[in-house]
Trainee: 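Structure provided below as structure tokens; questions to follow.
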Amino acid sequence: MSLHVAILQINITYGNPLENQKHIERQMKQLESLEQVDVVVMPELWNTGYDLTRLDEIADPSGEESQSFLSRLARQYGVNIVGGSVAKRENGKNTNTLYVFDKEGHLKKEYSKVHLFKLMDEHLYLHAGEDKSHFELNGYPSAAFICYDIRFPEWMRTHTTSGSEVLFVVAQWPTPRIDHWKSLLISRAIENQSFIVACNRIGSDPKNSFGGHSIIISPWGDIISEADDTEMILTGELDMSIVEGIRKQIPIFQDRRTDLYE
């Protein structure tokens, strides 16, 4: 009862979807040297980076190219893919959209970021999503979140009260707040009694530097593995058998007082 995950902590070329696709392809080839991988996780906005002012020009129309690319990779390497997120353009609106594919290349989930980050001008160029992010991988109930989402514990709790046991996070989290990244993710793991699998990018763009430190955390808040601030593939094994026991030992979901929370 384990999930073996691989996180692609990579640099992203500003405003160049084609080059970023090629870079993802090169990283995926390295998976052939790894013994076992069930799930591959990519960073936020890996196709364009935060070149938001040019999204009308460079965002993926209806997400079709990104979906085709990720579906092919899933089939080719026989892995589930939490495909980071991409800039998608549809009906005159741009969204920050995540795709999940299973090992056969079937689309399992599409989720657009619901919390837009004003410090990086997302609200000026992106349209917020409206839907939750539940899905299953290898039979395990999961959910996915995009960067700023992790500062909203009620949003993540909404998914774990519905059963999610693995919370995937994709991000472009800036270096100056990298301590918040780690602290928030450990807190989200403990309070939701769920595994956290979080992918952050490295490198910089014209306005920001990004701190890496992708991380895999157990439902007890223990760090299973953590990256530094260099490009790498971070791996870890999730022992899914422990989740039920932890939730029985400290039954937070049963002990909630929702009658007092509004």
Trainee: Contact between L45 and I12 at the side-chain level, heavy atoms closer than 4.5 Å - yes or no?
Mentor: no

Trainee: Return yes when atom CD of E65 has more than 12 non-hydrogen atoms of other residues, nucleotides or ligands closer than 6.0 Å, and no otherwise.
Mentor: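 No - once you tally the heavy atoms of other residues, nucleotides and ligands closer than 6.0 Å, there are 12 at most.
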
Trainee: What distance separates F152 CZ from L184 CG, expressed to the nearest 0.5 Å?
Mentor: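 Spacing of CZ (F152) from CG (L184) equals 11.0 Å.
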
Trainee: N80 side chain to V39 main-chain N or O, any donor-acceptor pair under 3.5 Å?
Mentor: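 Judged by distance alone, no pair lies under 3.5 Å.
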
Trainee: Would you call the rings of H159 and F145 parallel, tilted or perpendicular if under 30° counts as parallel and over 60° as perpendicular?
Mentor: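 It falls in the perpendicular class, over 60°.
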
Trainee: Salt bridge or not for E25 and K29, using N-O below 4.0 Å?
Mentor: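 Result for this pair is no, no salt bridge flagged.
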
Trainee: Working to the nearest 0.5 Å, report the span between CD1 of I217 and CD1 of I190.
Mentor: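 Reported value, rounded in 0.5 Å steps: 8.5 Å.
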
Trainee: Look only at the side chain of R188 and the backbone of I150, and say whether a donor-acceptor pair between them is shorter than 3.5 Å.
Mentor: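 Yes.
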
Trainee: State, yes or no, whether a side-chain contact exists between I178 and W181 at a heavy-atom distance under 4.5 Å.
Mentor: yes

Trainee: Does a donor on one side chain and an acceptor on the other come within less than 3.5 Å for S68 and R72?
Mentor: no

Trainee: Do L167 and F195 sit in one hydrophobic cluster, given that two such residues count as connected whenever their side-chain heavy atoms are within less than 4.5 Å of each other, even indirectly?
Mentor: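 Yes, it is one cluster - the side chains of L167 and F195 are joined through contacts under 4.5 Å.
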
Trainee: So which heavy atom on I202 is nearest to which on D229, and how close?
Mentor: CG2-O, 3.6 Å

Trainee: Kindly say whether L8 contributes a backbone atom to a donor-acceptor pair with the side chain of Q27 at under 3.5 angstrom?
Mentor: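 Checked: no pair found.
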
Trainee: Do E44 and Y50 come within less than 4.5 Å of each other through their side chains, counting heavy atoms only?
Mentor: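 They are in side-chain contact.
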
Trainee: Where do H134 and S162 land on the side-chain contact (heavy atoms from CB on, under 4.5 Å) test, with the steps shown first?
Mentor: CA-CA 9 Å; H134 296 289; S162 298; 3.5 Å; yes

Trainee: Please name the pair of heavy atoms, one in I7 and one in V197, separated by the smallest distance, quoted to 0.1 Å.
Mentor: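 In terms of heavy atoms, the two residues are closest at CD1-CG1, 3.8 Å.
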
Trainee: Could you pull out the closest heavy-atom pair between S71 and F101, with the gap in Å?
Mentor: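 It is CB-CE2, 3.7 Å.
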
Trainee: Check whether any side-chain heavy atom of R157 lies under 4.5 Å from a side-chain heavy atom of I252, and answer yes or no.
Mentor: yes

Trainee: Looking at R89 and D56, is any side-chain nitrogen of the basic one under 4.0 Å from a carboxylate oxygen of the acidic one?
Mentor: yes

Trainee: Within the distance-only criterion (no hydrogens, no angle test), does the side chain of N47 pair as donor or acceptor with the backbone N or O of P17 below 3.5 angstrom?
Mentor: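 Checked: no pair found.
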
Trainee: Please check: side-chain N/O of T175 versus main-chain N/O of G211, any donor-acceptor pairing under 3.5 Å?
Mentor: yes

Trainee: Could you tell me if the side chain of L18 sits less than 4.5 Å from the side chain of N16, heavy atoms only?
Mentor: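 A side-chain contact exists here, since the closest heavy-atom pair is under 4.5 Å.
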
Trainee: Could you go step by step and tell me if R256 and E191 meet the salt bridge (charged side-chain N to carboxylate O under 4.0 Å, His left out) rule?
Mentor: CA-CA 12 Å; R256 297 173 71 232; E191 70 195 10; over 6 Å; no

Trainee: What's the shortest heavy-atom distance between S112 and T97, and which atoms?
Mentor: OG-OG1, 2.7 Å

Trainee: How long is the straight-line distance from OG1 of T235 back to CD of Q36, given to the nearest 0.5 Å?
Mentor: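 Q36 atom CD to T235 atom OG1 measures 11.5 Å (nearest 0.5 Å).
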
Trainee: How far apart are the closest heavy atoms of Q193 and P219, and which atoms are they?
Mentor: C-CB, 3.5 Å

Trainee: Hydrophobic cluster membership, with links at side-chain heavy-atom distances under 4.5 Å among I/L/V/M/F/W/Y: are M28 and M232 in one?
Mentor: no

Trainee: Take a 6.0 Å sphere around CG of D255 and say whether it holds more than 12 heavy atoms from other residues, nucleotides or ligands.
Mentor: yes

Trainee: If hydrophobic clusters are built by linking Ile, Leu, Val, Met, Phe, Trp and Tyr wherever their side-chain heavy atoms come under 4.5 Å apart, do L107 and V41 end up in the same one?
Mentor: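 Cluster IDs for L107 and V41 differ.
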
Trainee: Below 30° counts as parallel, above 60° as perpendicular, anything between as tilted: where do the rings of H115 and Y148 land?
Mentor: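 Perpendicular, since the angle between the ring planes exceeds 60°.
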
Trainee: What verdict does the side-chain contact (heavy atoms from CB on, under 4.5 Å) test give for T95 and E110, after you've listed the backbone C-alpha separation in whole Å, the side-chain angles of each residue and the deciding distance to 0.1 Å?
Mentor: CA-CA 11 Å; T95 57; E110 176 176 339; over 6 Å; no

Trainee: Could you tell me whether a side-chain N or O of N138 sits under 3.5 Å from a main-chain N or O of Y140, the two making a donor and an acceptor?
Mentor: no

Trainee: Less than 4.5 Å apart, side chain to side chain, heavy atoms only: is that true for V37 and Y77?
Mentor: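 Answer no - side chains too far apart.
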
Trainee: I would like to know whether K103 and D38 meet side-chain contact (heavy atoms from CB on, under 4.5 Å); could you show each step before the answer?
Mentor: CA-CA 8 Å; K103 295 179 180 181; D38 297 310; 3.7 Å; yes

Trainee: Measure from the side-chain N and O atoms of D149 to the backbone N and O of I146, and report whether any donor-acceptor pair falls under 3.5 Å.
Mentor: yes

Trainee: Determine whether S183 and R177 satisfy the following criterion, side-chain contact (heavy atoms from CB on, under 4.5 Å), listing intermediate values before the conclusion.
Mentor: CA-CA 10 Å; S183 297; R177 295 181 293 280; over 6 Å; no

Trainee: Check whether D60 reaches the backbone of S66 with its side chain - one donor and one acceptor, N or O, closer than 3.5 Å.
Mentor: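 Yes, the answer is positive, given that a donor and an acceptor are paired below the 3.5 Å cut-off.
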
Trainee: Is there side-chain contact between N94 and Y125, with heavy atoms separated by less than 4.5 Å?
Mentor: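 Not in contact.
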
Trainee: Do W173 and L116 belong to the same hydrophobic cluster, where Ile, Leu, Val, Met, Phe, Trp and Tyr are linked whenever their side-chain heavy atoms lie under 4.5 Å apart, directly or via other members?
Mentor: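 Shared cluster, yes.
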
Trainee: At their closest point, which heavy atom of F135 faces which heavy atom of K108, and how far apart are they?
Mentor: CB-O, 4.3 Å

Trainee: Do H23 and I10 touch side chain to side chain, with heavy atoms closer than 4.5 Å?
Mentor: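 Sidechains of I10 and H23: in contact.
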
Trainee: Can you tell me how far CG of L98 sits from CE of M42, rounded to the nearest 0.5 angstrom?
Mentor: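 M42 CE to L98 CG: 10.5 Å, rounded to 0.5 Å.
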
Trainee: Using atom types as modelled and distance alone, determine if a side-chain donor or acceptor of W46 lies under 3.5 Å from a backbone N or O of G83.
Mentor: yes

Trainee: First locate atom CD of E64, then atom NZ of K88, and finally report the distance between them rounded to the nearest 0.5 Å.
Mentor: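 Result: 9.5 Å between the selected atoms.
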
Trainee: Report the C-alpha distance between K207 and D205 in whole Å, list the side-chain angles of each, state the deciding distance to 0.1 Å, and finish with yes or no for salt bridge (charged side-chain N to carboxylate O under 4.0 Å, His left out).
Mentor: CA-CA 6 Å; K207 295 183 179 180; D205 66 20; over 6 Å; no

Trainee: Give, for atom NE2 of H213 and atom OG1 of T230, the distance between the pair rounded to the nearest 0.5 Å.
Mentor: 9.0 Å

Trainee: Counting N and O atoms only, with roles assigned by atom type, does the side chain of N91 sit under 3.5 Å from a partner on the main chain of K93, one being a donor and the other an acceptor?
Mentor: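 Side chain of N91 to backbone of K93, a donor-acceptor pair under 3.5 Å: no, none is there.
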
Trainee: Give a yes or no on whether L185 and L234 share a hydrophobic cluster (residues Ile, Leu, Val, Met, Phe, Trp, Tyr; joining criterion: side-chain heavy atoms under 4.5 Å apart).
Mentor: yes

